[in-house]
Structure formats: structure tokens, C-alpha cells
Amino acid sequence: MLKGRSMKIAHCGRIGRRVSLMLALAVSLSVAGAADAQTILFENARIVPVSSKDIKKGSVLVKDGKIVRVAESLEAPFDAKVIDCTGKTLFPGMVDPHTWRGMDVPNESPPVTPFVNVYDAIDPSQLFFEDSLRDGVTSIHIIAANDCVIGGMSRVVHPIGMTPEEMTTAGQVALKLCISPKNGFDRMLQMATFRETFAKLDESMKSLAEKRYEDKLREEGKDLDVPPEEEQKRGRELIRDEDVDEKDRNLLWLTQGKIRAFIYCGKAMDVRPAIALAKKHGFYEQTVLVLGSECFKATDELKDARRPVVLDANLVHREKDPITGEEKETFVPRQMDRAGLKFALQRQASSSLGDRYLWYQAARCVAEGVSRDKALKSITLWPAEMLGLGERLGSIESGKDANILVLTGDPLDAQTWVEHVYVQGEHVYDREEDIRLKKLFAKPAEEAGPSTSESAPADEEKAAEGDSKPELKNADDQPRQDQPRRPGEGRRGGRRGPGGGPRPGPRGGE
Amino acid sequence: MSMRPSISILVAFAIVAGLFVAARAAAADDASGPIAIKAAKIITCDATDTIVNNGVVLVSKGKIELIGKASEVKIPKGYRIIEHDGWVVPGLVDAHNHIAGSLSDLNDGVYLTNPGLRTVDVVDPRNENLENGLSGGVTSVLLIPGSGNNMSGFGTITKTFGNSTDEMLIRSPGSLKIAQAGNPERYWYGVGRTFMNWNTRNTLQKAKEYHDERTDYEQGGKKDGPAYDIVWEDFRGLFERKYPVSVHTQIYQVYMSTITMLRDHFGLDVMTDHSTFDSFKLASHIKERKMIPIVGPRQFYPDFRDRTISGCASRFREQGVEKVGFNTDAPVIPQEDLCYQATMACWFGFDDHYEAIKGLTRIPAEALGVLNEVGSIEPGKDADLGLWTGSPIDPREHCQMTIVDGKVGYDVKVRRRTR
């Protein structure tokens, strides 16, 4: 089973079938079925547990998908698969706190859609998931983007599996609420829409409560005994989940504190209304603020609120003085750090630069004065806590899901590569078997070896030509273009077969 | 029976009345009476894959009577004998057609789901596209509304030839048409998959609740069931699996939603048309559920990400999906070109020509749940036959005569349509 789910499957095919299997890579990465119960002992590893001090040489015992023990030295149980990690570093799978990627569109057109669910739009075949796995991100919070008033129900997934069910780490996580106005709205209309939505919810809950109370009286054969206002109060707790209209249910759960609110504030001025909204409707304790880079100006309000924040992938806020023309730079994570806030870093959605990697974002924080400890937490433990999954994800400690990365070096080092990924104790990625990285690691002699490009058959040229007029379905289908073309390396008519396609960028680009 | 006098009269008539009318009149002229078709090869597509060389098919009262070796079968008196030095194959079945009715009645764009509509209201026996379909050996089609809505109405399974809608009808409702993504995305200011899937699921959920409550009421469980609802009534056959949902679905994620929502969650009988792009990556799930992908009208998938080209049907097959069918989506491509869908599938690696012929006949009939009536040449079934010069998969061959319910609907000698 373990083997079946790893990238290895891409190599099990018949010789000569490799090209077509490469195409199926997204699927071969992911195979149905529950994990076989496995006991694994990683030993002789440098461990960066995040939740506690680094261990120079230690062992991690994994059983049934969970981390059982972490210690300097452990006896291997008789049935354990023992993996020697000499020279390697173990690091928890990273956690992406907030992204719409993995879906077809960022937002629905109607402004208020708390009833929809990202489950219906998650596309396991997107390159995004494959890249996430390769980059060591094992938990991804997929949520509606910021162009709405209230967006649908979110979900935390691991980037492996053929359907959203197989990929789910946790369903029913959070709703998106945006204080910055949706496209076509202004702030007043945005806030008026919130008022109207919550007022409607309140009304329908009142009438439902009244009905439920009267139903109860009827069952007991009693007459009406109290005025409607009192019925509404007494009937509240009689409301069962199945009584609630499907369109209201998620919103009701939000006001009951059962799910989380990710509230987007694009500007500093949005922070105060966000906090007020959360307090008024009873989900303040479950609120995570998603901030635009300008929001550091509301640091005082944020400090008072003491709610965790998700920061913009653009870590530096730049502003020009309109009179002097002087440019002012602010490194936002450092500001949040100074204010004592827990923050989570994001990846830039469609970037070909370093900011598409969480480890790179964290490394930049260290450069700007954030402690290493906090920088690491901002891509692991803190986002896990924001999602209500602090007990399961974000660190290497006993009791947690065995989402473990085997790295070639320190997580923040630019020379470090993800060698293996374990998700819930299953070996799901092996860099050796990663076809998309083959070229990147080919030794020069190998690459210059017997060249297929010399005799590119006609049909291969046809395939390359097809590239010039692709029918693209989404950004993930973009042909890779991040590497500059060398002279004579043009696509059309270039003497290159499919095997000689453009190389992925550093760390396996898109 | 001599055909020559009637033809010469008809040719004269055709100058006045036009060729189409003539062709139909000729067919009607030969309609009565039983026929015996002697052929070099009969591909029956029956359950045991019988092929009869130098055989004969007896047809009477619109049904197949008998199939056997020409040397063994004694043709009874009164049977008109058609000598055919070629192949006889079952009439082709297209599970995805928009042309049996009027094209202006394809979609109602007011709501994202409008299940109250039925294509049986717009079947047009005089549709010239159907006549063209006959020239390609097509005898049965599922007429479905367009894919502009998530749920655009109930389809109709109909013959391509007959005097009236009633005579041609095989089954109504033929299917419920659902389009899970793609075209409906253009609705309003654009809708995404979270909204569309929520909407479709919600509509089916309401229908399911109606069905369950109504069933309970009818069986005497509850005293006051839900009020009779003419729209939800049509859905009951879906939950009883009397007819399938025919789903416009393609692309990995969308096909995946078809499986998880329609098949797994609601337990419906699912027939997928299109089934193209990278749907084949779900082959393991499709195989496990014994679903039948009906592929077309594009038979290949160029993957720009990985720079590969795949044959959709062959990728299903090589991963163990036993039954794969083909469809045209006419008028996207002409109805009469149905056989070329299988031709192109074979060109793209679907290397079993016999299975490809089944994918044009028996398999779509099975997917639609009409295998008792059409889709193979077996005694008792409708006499829907194509008389081809050779294999329908081979583009060098052509259909010479098409017989629907025992009547000649197309005869190349009367009217030839070049495909």
C-alpha cells in the first residue's frame, strides 16, 4: 500500500510507457485506500520539532499514522520499519493557513454564499497539490478568496488523494467574511449586507424556535402557555441541526462558535469593524484576521484584540510620501512579532519567485529580525492552532499526526531539499522518484548524453506546436515558462521532443 | 417484389416534391411485409459475441425473428429477400444527441436548474438531421437538452425514423440531463463549482425527500404524504433506477464530482457523456463502480502540462474499464458521423475494433437501459439494422441501407448522402 501511494508507481510501468505515465503523475501521486497500519522508527536524525528545542540526534516513533514518541534514543519495536536518517533533518509538514488555490475560481458571484462548500470545487488533479507535496506543505486550508461578503465553508486537506474525501484532514473549518468590499460594493453596502444577513438569520431562528416550542407542547398535549418572545427563548435549545434550513446552517454554526471565522481586512481601517462584527455575533473567540499588508498600521487595535493573524504573502509594505517622494518600507511580520501576536505566513499564489515557498517566507522573517523559533512556528504550529488543529498538526510531538518531512538540511537553508514526505504515517513522496525533478538533478554528463533532440520525430514536433494554442482551463495548466529561453531554444520548430521541455524552476517550479 | 417501377415513378415525383420526401416515400413503400437479409457477415453484438458468416436475418412485424447460417435457414414464403454482400450490424445508438427536436428549444436559461422540462415535447420526426443520421446507420438516439444549465430537463430515447413521435418513441423520460460544470459557468455573472454543485445537490435532495415521503405514503406508512408534485414525480424513476441521469461531464474534477455526488451519494444510475479530457485518470474509480463512460466527440486529450497526447477511450480500456461507448453530441458533429467517433478512438489506441463496434451499439444501449429493445441483433428485439459494405469502423466503408423497426429508412440506391 505504502509503495502504491508513493511516487514510485510512476516508474512501475512498462518501458516505453513512461511518457504517458508522466501524464498520469498527478494521479500516481495519489492512490485510493486507507493506510495500512505501519510502525516506523526514524533514527539518527536531527529533529526540529518546533514545539520544543531541536534535538541534535534523535528518534521518532510513528504508529498508525500518529507520532508516538520523540526521544534522543529509542528501542525499535519488533515490527517497526527502521529508517536511518543520518545527516537528515526531520521537520513537521508545513501548514498553509489560507488559500483559494486548488479550486476552479476564487469566489462565487453572489455576495453571500455561506452555504456552499469548497468540497465541491477542490480539484485533486491540479499541479498545485503536487507542488505543495514537493515543497513540504502537508496541510492546506482551502477557503473562499477575498472578493465576497460571506464565502463558503472551508476545509483543511493534505495534498494527496484522488478525491476531496481522501484528501480531507478536517472538514467544516471556517467561513470567510470580508470587511474590505467585494468588487462592485463599497464599504457601506458591505456592512449593510452583513447587518441584513445576520438579521435574517436571527429572524428565521426565532420563528424556528417558536415552532419547535409549540411542537413540543403539542406532543405533550399542552396548551400554549407563554407569549411568543418567551417561546422563542425556550425553543432555541430545542432546535436540532436537521430543522435548520440548509442555507442557514453554516452561518448558525458560526454564531454558535462551532466553526471559525477568517475575516479579511484589506486595509487598516477594516480591523476595527472586523473585531466589532465578531464580538457582536458571538464568534470573536473563533476569529482569525486575514490582513492586507497595510494593516500593520492598526497594530494597536490588533494588539488589544489579541486575535491571531494571517499575513499577506507580500511581506514588505511600501509607501511613497506624496510630497517628498520618499519611500517608506515596513517589514510586516516584524511589526506583528513586536506586538506579540501569533502570525501565519502565506505563499504567493501564482509566483515564480521565492515567495511561493513557505520556508522562504520564514527565512526572510529571520533576516528581518524575527526569531528563528517564531519564524518556524509561523509556517507550522501557529497556522495549525488558527485552524483549531493545534492538537494534530504543526509539530513533531507525541500524539500528533505523523506529517513528517525528511529534509537534506535545515528547513530555512536555501540548499535544503525535501527528500521524503510522510502524511499520517504514509510515505507519499520520494524525491528520487519525482519525475519532474529528474532533469534538475541530472548530472551534466547524463544530460549531454545521447540526445533525443537530434532526431525529434515529426509527431513530437506536432505536440510541441500544439503548445502554442493551448486551451487553458486554469492557471495550473499554464505551460511552464519561468526559465528564460536560451537562443535557438525556441519552442516552435525547436528541435526538442517532449522530454526536452522547459525545466522547472528551483525546488520544482510550475 | 420488383422495386424498379416504383423507383422510376418516384424519381419523376422527386423532381416535383424534392428528394427527402421521395426517400421517405420509397421507404414507406417497402414497409409492409417480412424481409430476409442475406449477408456475408452478421455482427450480432449479443451477449456471447456471436458473429455469423454467410448468414441470414429474418425480420417480421418490426422485430428480429431469427438469425442463422444461410445454408441452414429456410426462408419462408412471402419474405422479400435482400441480398447484401457486406456486413450487417445492429443499428447504431447515440446516447448524446440534441437534434431530434428543434434546435431552438435546447435550453431554458432562466434558472440554473429547471427539471420540469421534457424533450419529448419537441421531438420532430421530420427533422432532416435525423434523416442524415440514418445515412450513417444511426437508428436510436437519446435526445437531451443542452448543457447551459446544471439541470436542463428530461431527455427522450427515440428512433431516428418513423411516421410519428409516438411510433418512434423508445422511452420517456430517457434520462435526466445534468451538466455539472463547463457551459453552466457562463450563467448570470458566472458561477463556480461550489455554487453549481450545491445547487444540483440541493435540487436532487429535495426530489429525494419527496420521493421517500411519497413512497412511504403510498405504502401506507404515513397518512398525509406530500402533495402530488408534477416536477418531482419525474425524479422518482431516477431513485428507482428506472432511468439514468445523463451527465455532461469531463475534466478530472468534474467527473470526480459526478462519481462522488450522483453515483455514491445519491446512488443514481449514471451515464456520462463526453467523458473526455483527463477523465480517464479516474479509471480505477469507474471500474470499481462498473460505470460506462460514453466518450466523445473529441477522442483525444492533449496534455499541455506534460506534453503528451492520449486517446481517451483507450486510456479507460487499458486501465480495466470494460465497457466504453461513443457519442457525437450532434449537431456538434453531424449525427451520421457517429461511427467515426469509434474510428478516431481506434486511431488513438483503442485497438479492438470489435469492442469499438459494441461501443456504438450494445454498450450505449446498455448504459441507457434499453438493451432489451435495441443495441444488438437478437430474436425478439427491434429490427434496427445497418447494412454496411464492411466494418463501420473503417472509413473506407459506408452504410448502404438502414432498417428501423423492420422498415427501410435509408437506401443508398434511392438517396445517397456522402459523408
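All figures in this text were calculated on a predicted structure; none of them were measured in a lab. Scope of the values below: all heavy atoms of this structure, side chains included, with no hydrogens, waters or symmetry mates. Naming convention: chains lettered A, B, ... in sequence-line order (proteins, then strands); numbering from 1 in each chain.
- When heavy atoms are compared at a cutoff of 4.5 Å, Thr113(A) approaches chain B solely by way of its side chain, counted from C-beta outward.
- Note: His96(B) and His274(B) meet the aromatic proximity criterion, with ring centroids under 6.0 Å apart.
- Partner of Phe326(B) under the ring pair (Phe, Tyr, Trp, His ring centres under 6.0 Å) criterion, out of Phe350(B), Phe348(B), Tyr340(B), Phe316(B): Phe350(B) alone.
- Under the rule for a side-chain hydrogen bond (donor to acceptor under 3.5 Å, both in side chains), Asp224(B) has no partner lying at least two apart in sequence or in another chain.
- Residues of residues 182-190 of chain B lying within less than 4.5 angstrom of chain A, judged on heavy atoms, are Trp188(B), Tyr189(B), Gly190(B) in numerical order.
- Of the listed residues (Leu268(B), Ile286(B), Val270(B), Val245(B)), just one forms a side chain to side chain contact (heavy atoms under 4.5 Å, CB included) with Arg263(B), and that residue is Val270(B).
- Taking the centre of each ring, Tyr255(B) and His285(B) stay at or above the 6.0 Å mark.
- Considering only heavy atoms from C-beta on, Asp131(A) comes within 4.5 Å of Arg134(A) through its side chain.
- For Phe185(A), there are no ring pair (Phe, Tyr, Trp, His ring centres under 6.0 Å) partners two or more places apart in sequence or in a different chain.
- Salt bridge Asp120(A)/Arg193(B): absent, no basic N to carboxylate O contact under 4.0 Å.
- Side-chain atoms of Ile142(A) and Trp100(A), non-hydrogen and from C-beta on, never get closer than 4.5 Å to each other.
- When heavy atoms are compared at a cutoff of 4.5 Å, Pro106(A) does not approach chain B at all.
- Using non-hydrogen atoms only and a strict 4.5 Å limit, the part of residues 198-216 of chain B facing chain A consists of Trp198(B), Arg201(B), Asn202(B).
- Between Lys176(A) and Ser154(A) there is no side-chain heavy-atom pair separated by less than 4.5 Å.
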